[in-house]
Amino acid sequence: GQSLEQPSEVTAVEGAIVQINCTYQTSGFYGLSWYQQHDGGAPTFLSYNALDGLEETGRFSSFLSRSDSYGYLLLQELQMKDSASYFCASDSGTYKYIFGTGTRLKVLA
Amino acid sequence: NAGVTQTPKFQVLKTGQSMTLQCAQDMNHEYMSWYRQDPGMGLRLIHYSVGAGITDQGEVPNGYNVSRSTTEDFPLRLLSAAPSQTSVYFCASSPGEGLAKNIQYFGAGTRLSVL
């Protein structure tokens, strides 16, 4: 079957760096997306990797290794407002997206 | 620019009732989709559409119908509501092409309870 595995919860302190991992097992893999969702809110897009390597967008970076079926989201200079759930999602190029179960990030003061 | 608008925001149904969740986008996006999110879970794709007149099933389509008669609207119909359909429903749209083709824009969600 198709699945994306993420740790259920990660805790870090303000100002620190945290990495959220995602390992996937999907057919016809095309790329990996990352979304942020605050409690009670809607998911919002953070980044997308179609090629191996690192994509940087401000304090957030995302990495993909197709050979390892693995990606991660890196959050730097953590702020309290980064406390949220983070989801990876794969697509097969046919707009049929599969989401991971999500990682809840808690940022401590 | 409203983005993706979902109505209603909250709904309570009795088992066996039918209803339609509305979704509209004003970004002229070709791709639209419906997801459900259960507590502590990721989003699961119900149905999606790559353009007006074209729909396809996602991961969990049973009990739901969709149609796409215009680019802007993508309603989701629950034919005979069951308690297992209690969930938060999100509609999303995407350009489907160009540099932003993989970015999905989500509506605020509809929180549905089936008693």
Side-chain angles (χ1 to χ4, degrees), chain A residues 1-9 20 22-51 55 57 60 62 64 71 73 84-106, chain B residues 2-7 9-10 23 25 27 29-51 54-61 66 68 74 87-111:
Chain A
Q2 303 190 73
S3 65
L4 291 89
E5 303 226 351
Q6 303 178 234
S8 59
E9 192 171 292
I20 298 174
C22 174
T23 56
Y24 60 87
Q25 188 173 22
T26 62
S27 57
F29 179 83
Y30 195 79
L32 194 70
S33 305
W34 288 93
Y35 286 81
Q36 179 191 61
Q37 185 180 31
H38 287 99
D39 285 348
T44 56
F45 174 83
L46 293 176
S47 69
Y48 179 76
N49 293 70
L51 304 175
E55 292 279 344
T57 310
F60 293 3
S62 57
L64 177 65
L73 180 70
S85 293
Y86 293 83
F87 296 90
C88 57
S90 69
D91 71 272
S92 57
T94 60
Y95 303 105
K96 214 166 180 177
Y97 294 89
I98 305 293
F99 278 75
T101 51
T103 299
R104 191 172 185 86
L105 171 63
K106 293 184 181 177
Chain B
V4 179
T5 303
Q6 290 184 236
T7 55
K9 287 187 168 41
F10 301 93
C23 176
Q25 53 94 6
M27 298 175 282
H29 286 170
E30 288 297 321
Y31 173 81
M32 295 186 74
S33 56
W34 276 102
Y35 295 89
R36 62 176 288 174
Q37 185 175 33
D38 299 305
M41 302 283 288
L43 294 98
R44 290 184 292 170
L45 183 64
I46 303 172
H47 285 286
Y48 67 102
S49 168
V50 298
I54 306 169
T55 63
D56 205 348
Q57 296 182 350
E59 196 180 352
V60 288
V66 293
R68 184 99 180 267
F74 191 43
S87 190
V88 180
Y89 291 84
F90 287 102
C91 177
S93 75
S94 172
E97 60 182 7
L99 292 176
K101 67 177 182 178
N102 294 108
I103 300 176
Q104 292 192 76
Y105 299 85
F106 284 83
T110 295
R111 283 147 184 81

### Message
On a heavy-atom basis, which atom in A42(A) and which in G107(B) lie closest, and how many Å separate them?
### Response
CB-O, 3.1 Å
## Note on the structure
Note: F45(A) and Q104(B) closest approach over all heavy atoms is CB-O, 4.3 Å
### Message
Please report the interatomic distance CG(L45(B)) to CZ(F99(A)), rounded to the nearest 0.5 Å.
### Response
9.0 Å
### Summary
Under 4.5 Å to a heavy atom of chain A? For Y35(B) that would be side chain
### Summary
Turns out that what part of Q37(A) lies under 4.5 Å from chain B's heavy atoms comes down to side chain
### Task
Using non-hydrogen atoms and a 4.5 Å limit, figure out which bit of I98(A) sits close to chain B: side chain, backbone, both or neither.
side chain
### chain A contact via Q57(B) - side chain, backbone, both or neither, heavy atoms under 4.5 Å
backbone
### Summary
Ranked by heavy-atom pairs below 4.5 Å to chain B, first place among P43(A), S33(A), S8(A), G31(A) goes to P43(A)
#### Entry: Residues in side chain to side chain contact (heavy atoms under 4.5 Å, CB included) contact with S85(A), at least two apart in sequence or another chain
F87(A), R104(A)
### Task
Mind checking the CG-CD1 spacing from L46(A) to I103(B)? Nearest 0.5 Å is all I need.
10.5 Å
### OG on S94(B) to OH on Y97(A), rounded to 0.5 Å
5.0 Å
### Message
Looking only at the aromatic ring of each residue, does the gap between the centers of F106(B) and Y35(A) stay below 6.0 angstrom?
### Response
yes
### Query
So which part of R111(B) gets closer than 4.5 Å to some heavy atom of chain A, the side chain, the backbone, both or neither?
side chain
#### Entry: Atom CD of E5(A): over 12 foreign heavy atoms under 6.0 Å
no
